[in-house]
There are 2 protein chains.
Amino acid sequence: MNRIPILQMGQTLLVTIQVDMQDQMALALQDDLANKISTSGARGVLIDISALEIVDSFVGRMLASISGISRILDATTVVVGMQPAVAITLVELGLSLEGVRTALNVERGVELLALTRKENAFAR
Amino acid sequence: MNRIPILQMGQTLLVTIQVDMQDQMALALQDDLANKISTSGARGVLIDISALEIVDSFVGRMLASISGISRILDATTVVVGMQPAVAITLVELGLSLEGVRTALNVERGVELLALTRKENAFAR
């Protein structure tokens, strides 16, 4: 299986998840993202899940884990493009994606990242 | 099989191809892109193929076809992220991706699109 490509746009990394994630793929993505944040100095990570029709607890944990890793490496993660049905199911399952920021689509995700950077700049 | 998601960022659409394309998937992508260009009024399409280790004549034709459709709908297509080995194989196979614009990565693709828009503005 191929690795999921990580696209860099300025200080933001973009990942589009298109297939159901397996254990190894998720681990590879975490590794790749951590390395890419470290080498590129990216401050934001956008993860698009608009292609996913099911987000189970495994994927939920993966998203939370990626958010945590990014945070330690001083980058903010925003999950974008979640389908309405997925959001409904997540809440019904009691999975609240704690610690994971979300935005409706890529454009709003980019806005959120820009806002976060400004806030951080003020806080320093 | 899921459809390949098309992300919109301002006037640009971004597609990341991660799996080997089959006939139906390629047709669905062409349809979706044409519709999305039409409804969003996007002026540029970026197709990232960094995850592809093989680009055969089928994928080559699909890229050319998408470029052609976009052009008629007044949008410029740029294929980005081609692996060096893929470029070598393409030339060896005599596939020159005629009519398809390429750029090294997403960032350069965005620059190329901005440049193209300026040129078009001057030409008008």
Side-chain angles (χ1 to χ4, degrees), chain A residues 1-22 25-26 28-29 32-33 35-36 39-55 59 78-86 102-114, chain B residues 1-22 25-26 28-29 32-33 35-36 39-55 59 78-86 102-114:
Chain A
M1 183 61 214
N2 289 337
R3 286 173 169 237
I4 296 178
I6 300 169
L7 308 183
Q8 183 171 5
M9 289 175 301
Q11 291 213 307
T12 304
L13 303 178
L14 176 66
V15 179
T16 319
I17 297 179
Q18 297 178 8
V19 291
D20 291 329
M21 303 285 283
Q22 307 299 322
M25 215 174 171
L29 178 61
D32 291 351
L33 257 179
N35 283 327
K36 190 86 177 184
T39 53
S40 67
R43 302 300 307 276
V45 178
L46 288 173
I47 303 182
D48 177 79
I49 59 167
S50 59
L52 296 188
E53 277 163 20
I54 297 164
V55 171
V59 174
V78 181
V79 172
V80 300
M82 188 184 292
Q83 294 186 18
V86 169
T102 54
L104 192 64
N105 53 37
V106 177
E107 285 180 325
R108 296 218 188 157
V110 170
E111 282 169 21
L112 180 56
L113 285 178
Chain B
M1 182 61 215
N2 289 337
R3 286 175 168 235
I4 296 178
I6 300 169
L7 309 183
Q8 182 171 4
M9 289 176 300
Q11 292 213 307
T12 303
L13 302 179
L14 176 65
V15 178
T16 319
I17 297 179
Q18 298 178 8
V19 290
D20 291 328
M21 303 285 282
Q22 308 300 322
M25 212 174 174
L29 178 61
D32 291 349
L33 257 179
N35 284 327
K36 189 88 178 184
T39 53
S40 67
R43 303 300 307 276
V45 178
L46 288 173
I47 302 180
D48 176 79
I49 59 167
S50 58
L52 296 187
E53 276 163 18
I54 296 165
V55 172
V59 175
V78 180
V79 173
V80 301
M82 188 184 292
Q83 293 185 18
V86 169
T102 54
L104 193 63
N105 53 38
V106 176
E107 285 181 325
R108 296 217 189 158
V110 171
E111 283 169 21
L112 181 56
L113 284 178

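- Counted within 6.0 Å of CD on Gln11(B), heavy atoms from surrounding residues, nucleotides or ligands total more than 12; the atom is thus considered enclosed.
- For Glu107(A), the side-chain contact (heavy atoms from CB on, under 4.5 Å) criterion is met by Asn105(A), Gln8(B), not counting sequence neighbours.
- No side-chain heavy atom of Thr16(B) sits less than 4.5 Å from a side-chain heavy atom of Asp48(A).
- Within the 4.5 Å cutoff, the side chain of Ser50(B) has heavy atoms near those of the Leu7(A) side chain.
- With sequence neighbours excluded, the residues forming a side-chain contact (heavy atoms from CB on, under 4.5 Å) with Met82(B) are Ile49(B), Val86(B), Ala87(B), Leu90(B), Leu97(B), listed by chain and number.
- Counting only heavy atoms from C-beta outward, the side chains of Arg3(B) and Gln18(A) never approach each other to under 4.5 Å.
- The closest side-chain heavy-atom distance from Leu14(A) to Leu14(B) is below 4.5 Å.
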